[in-house]
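Everything quoted here is computed from the prediction, not taken from an experiment.
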Amino acid sequence: MFYEDLSPYDYYHDESFGEVSSGVRFVSYEPAYERVNIGWLADGHPWPSGPVPADFTDKLLAVLVAQPVNEMLGLHECDLCPPLPNGGEHAARTPRPGHRCAGVGTGEVRIPGPAGSAFAAPQLVGHYVADHGYQPPRVFIDAVLAFDPDASGTGTFPWIRFPWVPADAHLYDARVE
């Protein structure tokens with residue numbers, strides 16, 4: 001699925017942030033902020049490539065682990081990766097030979113952007129940067145470098161690092177205690 005960088009996001013109406021530690025709790029709400037597309041790449045569409053700051057890729061990958069958003073059932077495979085030789089197969093969640101990241105994703109990530117906006121990227125954005133040389137816009141790079149994926153959340157949902165989750169967001173909790 002391809003969207004131009006910095007175009008308005010309109011793929012999914014609500015936001016759903018998952019809890020990484022349990023995997024069975026998430027909050028859902030209608031966002032009051034504008035969402036902006038980043039890194040929705042697809043074969044057959046040109047995209048910028050080039051160097052990124054040395055610490056950017058590691059920081060982006062840390063954010064992807066810490067903050068799952070809009071996770072779906074099933075996997076979206078990278079269509080930029082060439083087929084494996086001789087019809088070879090690999091485990092979906094392990095990197096291909098010579099790659100740093102797995103070429104699959106199940107959801108998205110949000111990074112706070114300029115006032116009133118958030119960057120909306122597929123989980124595959126880390127793979128695109130690390131393994132395909134994708135160079136996101138500088139405004140996104142700066143936002144990732146400024147975001148702390150290890151910071152404690154605040155408010156009603158302290159396990160969510162994203163700062164703009166409203167206190168009245170709906171909590172779904174499937175834990176069995």
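- The same ILVMFWY cluster, assembled from side-chain heavy atoms under 4.5 Å apart, contains both L41 and V139.
- Scanning both residues, V27 and L171, for their nearest heavy atoms gives CG1-CD1, 3.9 Å.
- How far CG of D10 is from CZ of R35: 8.5 Å, rounded to the nearest 0.5 Å.
- Residues H132 and C78 have side chains in contact (heavy-atom distance under 4.5 Å, counting atoms from C-beta outward).
- The shortest side-chain heavy-atom distance between P48 and Y134 falls under the 4.5 Å cut-off.
- No side-chain heavy atom of P149 sits under 4.5 Å from any side-chain heavy atom of V65.
- Of the possible donor and acceptor atoms, none in the side chain of E15 sits under 3.5 Å from a partner among the backbone N and O of Y29.
- F2 has its side chain out of reach of D79: every pair of non-hydrogen atoms, C-beta onward, lies at least 4.5 Å apart.
- Criterion: ILVMFWY side-chain heavy atoms under 4.5 Å apart, direct or through other members. Under it, W47 and L6 are part of a common hydrophobic cluster.
- V69 and F26 end up in different hydrophobic clusters when Ile, Leu, Val, Met, Phe, Trp and Tyr side chains are linked at under 4.5 Å.
- Across every non-hydrogen atom of C101 and L61, the tightest pair is SG-CD2, 3.6 Å.
- Remark: the T106 side chain and the Q123 side chain contain an N/O donor-acceptor pair separated by less than 3.5 Å.
- Between F157 and F17, the distance separating the two ring centers is not shorter than 6.0 angstrom.
- Side-chain contact check for Y172 versus S28: some heavy-atom pair is nearer than 4.5 Å.
- V36 and L60 fall within the same hydrophobic cluster, where Ile, Leu, Val, Met, Phe, Trp and Tyr residues are linked whenever their side-chain heavy atoms come under 4.5 Å apart, directly or through other members.
- A heavy-atom distance below 4.5 Å is found between the side chains of R138 and P53.
- Across all non-hydrogen atoms, the minimal contact from Y11 to Y3 is CD1-OH, 3.7 Å.
- In this structure a side-chain-to-backbone donor-acceptor pair under 3.5 Å is present from K59 to F147.
- Nearest heavy atoms, F119 versus A143: CE1-CB, 3.7 Å.
- For the residue pair A121 and W40, the shortest heavy atom distance occurs at CA-NE1, 3.9 Å.
- Taken from OG in S16 to CE in M72, the straight-line distance is 7.5 Å, to the nearest 0.5 Å.
- Scanning both residues, A130 and T57, for their nearest heavy atoms gives CB-CG2, 3.9 Å.
- A cation-pi contact links R110 to Y9, judged by a cut-off of 6.0 Å to the six-membered ring centre and 45° from its axis.
- Hydrophobic clustering (side-chain heavy atoms under 4.5 Å, transitive across Ile, Leu, Val, Met, Phe, Trp, Tyr) groups F140 together with L145.
- C81 places a side-chain heavy atom less than 4.5 Å from the side chain of H127.
- Between the side chain of N37 and the main chain of D5, no donor-acceptor pair closer than 3.5 Å is present.
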